Amino acid sequence: MFDIKWIRENSAVFDGALKRRGGSLRSAELLALDETRRKALTRAQETQAKRNKLAREIGAGKAKGENVDALLAEVAHDKANEAALQAEAERLQADLDARLALMPNVPAADVPDGGDASYNQEIRRLGTPPKLAFKAREHFDLGESLGLMDFERAAKISGARFVVLKGALARLERALASFMLDLHTAEFGYTEVNPPALVNDAAAFGTGQLPKFGSDLFRTESGLWLIPTAEVPLTNLVAGEILDEAQLPTRLTAMTWCFRSEAGAAGKDTRGMLRQHQFTKVELVSIAHPDASAAEHERMTGCAEEVLKRLGLPFRTVVLCTGDMGFAAQKTYDIEVWLPGQGRYREISSCSNCGDFQARRMKARFRPKGEKGTRFVHTLNGSGIAVGRALVAVLENCQQADGSVRIPDVLKPYMGGLDVIRPAKA
RNA sequence: GGAUGGGUGGCAGAGUGGUCGAUCGCACCGCACUCGAAAUGCGGCAGACGGGCAACCGUCUCGGGAGUUCGAAUCUCCCCCCAUCCGCCA
């Protein structure tokens, strides 16, 4: 969410940013509305000031036993006018806010321009895709052969884009999540949080899901939203708060289910568990000092990459171009893991620096030491990493000729010492 | 779901119609004292918005909304949230 004052003073930057994102120029229209709004506000405030003054005079006059009928008549006369001016100012304010709430964040200066994912730029690549002496199978093929991944029964009870995991695969998902949480908490200083998976409108607005992207979410009958990512509850933990500067950075991690309607994804990744309505993810969130958020972004991306390094999964990291970034992001790194079954890299993590965009929406501030007033914090979020897709990646990268799957060393303690997942006996 | 009690500035906690945007304390900031620190003393300290080059002036905000009144933190109504007890329940 933008500060209209910032747009007023940086209209060229604002329009340039929208243009880079493929939008149309809007500052002139917004500033005209703002001009009207401020004039209406001033008029309304002048009448309020007058009323306050008269009310004080009436009070003082009455205390002295004077006749205040003339003053009372004057107040009564102004009353209708004041209400109308106030309503007008409020209407214009609401109109401006509604427009600002739909504006995406400005891309950082070092984000490449481009309209779609083909303009994303690879910045590094680690690990080597495994050389298999046999034709690599896709994860759903492996999982079903193992007898531990069941899409048909999931469809029976829930519909498309759900899966049932059993036995060693169910445990593998739990092992992956535990490993990730242990890594982030023990080595990277994140605090583990177990947040609500249902949030209210204000929280969904704060991180930018509302008002524009409500159709991507599931909504309960009572009006709550199922979280599409733990970014929503974790980031909103500081909503409306004024932090001490010493509390920055606050680093949080959570394993949660994520729920996405996948509206508009019809036909994409229909087979397998790459794109589900419900999936497990370990999320990383940082509440950072504005001067430190760029460095925090690099650090967070490194934390996510470390998960893949230790699992021995080949990956590459790309910086998203302006046209491929999310609504709230200033800059985003995607980490893509190698999937032998598909023979290509697929997104497994997305780490974004949102600057003060979300902080403004949720009014999350801090008090700079030795300075007057408050400043908005910067918020960052990243998958650390998507557990469901990590399970897919382990299956495909660690598959063996006989359809069995080798367990990465770092996961063995979490798997009760199991080395290999073998097909269930027929 | 029922009953009761609450939601006030970073925290804690007064305030039941008229300079209350709000007493006092803690925290924080500045100054003094000190070689330095602690303790102590003095002073400052809510946020947002609008106007102004600025000093400064004004408006709004005491969970949210509506109302009564010349005037509401304070009275009325609705809603939300929290605490405790009861019921139900993983």
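Convention: sequence-line order gives letters A, B, ...; per-chain numbering from 1. Since we're looking at a predicted model, the values are computed, not measured.
Remark: B:U16 base-pairs with no nucleotide; criterion is Watson-Crick or G-U wobble with both hydrogen-bond distances under 3.5 Å. Across all strands shown, B:C45 forms no Watson-Crick or G-U wobble pair with both key distances under 3.5 Å. In this structure, B:C88 forms no base pair with any nucleotide, since neither Watson-Crick nor G-U wobble geometry is met with both distances under 3.5 Å. Across all strands shown, B:C24 remains unpaired; no Watson-Crick or G-U wobble contact has both distances below 3.5 Å. Searching all strands for a Watson-Crick or G-U wobble partner of B:C75 with both distances below 3.5 Å returns B:G67. Remark: B:U34 base-pairs with no nucleotide in the shown strands. Criterion, Watson-Crick or G-U wobble with two distances under 3.5 Å.
Comparing the same atom, C1', in B:G2 and in B:G58 gives a spacing of 49 Å after rounding to whole Å. B:C79 and B:C70 have their P atoms separated by 28 Å, given to the nearest Å. One C1' atom belongs to B:A73, the other to B:G13, and the distance between them is 15 Å to the nearest Å. B:A22 and B:C35 are spaced 41 Å apart, taking the P atom of each and rounding to whole Å. Rounded to the nearest Å, the gap between the P atom of B:A27 and that of B:A38 is 12 Å. Distance check on atom P: B:U68 versus B:U16 gives 25 Å, rounded to whole Å. Between B:U61 and B:A72, the distance separating the two P atoms is 9 Å to the nearest Å. Rounded to the nearest Å, the gap between the C1' atom of B:G44 and that of B:A37 is 23 Å.
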CA sep, side-chain torsions, deciding dist, call: A:R310, A:E306, salt bridge (charged side-chain N to carboxylate O under 4.0 Å, His left out): CA-CA 6 Å; A:R310 296 205 189 183; A:E306 187 64 23; 2.8 Å; yes

Step-by-step salt bridge (charged side-chain N to carboxylate O under 4.0 Å, His left out) determination, A:R271 to A:E138: CA-CA 10 Å; A:R271 292 215 58 189; A:E138 292 206 57; over 6 Å; no

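Between A:R367 and B:G47, a side-chain N or O to OP1/OP2 separation shorter than 4.0 Å is present. At least one side-chain nitrogen or oxygen of A:R365 sits closer than 4.0 Å to the OP1 or OP2 atom of B:A48. Distances shown here put a side-chain N or O of A:K5 below 4.0 Å from the OP1 or OP2 atom of B:G50. Within the structure, a side-chain polar atom (N or O) of A:T374 is placed less than 4.0 Å from OP1 or OP2 of B:A48.
The CG-C1' distance, from A:N67 to B:C70, rounds to 13 Å in whole Å. Atom C1' of nucleotide B:A48 and atom CE of A:M1 are separated by 14 Å, given to the nearest angstrom. Rounded to a whole Å, the CD atom of A:Q93 is 15 Å from the P atom of B:A48. One interatomic measurement links the two molecules: CZ of A:R375 to C1' of B:A46, which rounds to 20 Å at whole-angstrom precision. For the pair A:L72 CG and B:C70 P, the interatomic distance rounds to 7 Å; values are reported in whole Å. In this structure, CG of A:L85 is placed 14 Å from P of B:C60, rounded to the nearest angstrom. Separating the CZ atom of A:R43 from the C1' atom of B:C49 is a distance of 17 Å, rounded to the nearest angstrom. Rounded to whole Å, the distance from NZ on A:K363 to P on B:U61 is 16 Å.
In this structure, A:R37 reaches the sugar-phosphate backbone alone: every heavy-atom distance under 4.0 Å involves primed, P, OP1 or OP2 atoms, never a base. Residue-level contact check: A:N52 touches the backbone only, with heavy atoms under 4.0 Å from sugar-phosphate atoms and none from bases. Residue A:R38 is in sugar-phosphate contact alone, with no base atom involved, counting any heavy-atom pair closer than 4.0 Å across all strands shown. At a threshold of 4.0 angstrom between heavy atoms, the contacts of A:L71 with the nucleic acid are absent. Residue contacts for A:R8: at a heavy-atom cut-off of 4.0 Å it reaches the sugar-phosphate backbone alone, with no base atom in range.
Aromatic pair A:F357/A:H378: centroids not less than 6.0 angstrom apart. Taking the centre of each ring, A:F376 and A:F366 stay at or above the 6.0 Å mark. Note: A:F151 and A:F140 fail the aromatic proximity criterion, with ring centroids not under 6.0 Å apart.
In this structure, A:A55 and A:L41 both approach RNA chain B, and ranking their closest nucleotides by distance from the 5' end singles out A:A55. Mapping A:E46 and A:K62 onto RNA chain B by nearest heavy atom places A:E46 closer to the 5' end of the strand.
A donor-acceptor contact shorter than 3.5 Å is absent between the side chain of A:H277 and the backbone of A:F162.
If you check B:G58, B:A48, B:C70 against the side chain of A:Q45, the one that comes closest is B:G58. Nearest to the side-chain atoms of A:I242 among the listed nucleotides B:G51, B:C60, B:G10 stands B:G10.
In the displayed structure, A:E152 atom CD is contacted under 6.0 Å by at most 12 heavy atoms of other residues, nucleotides or ligands.
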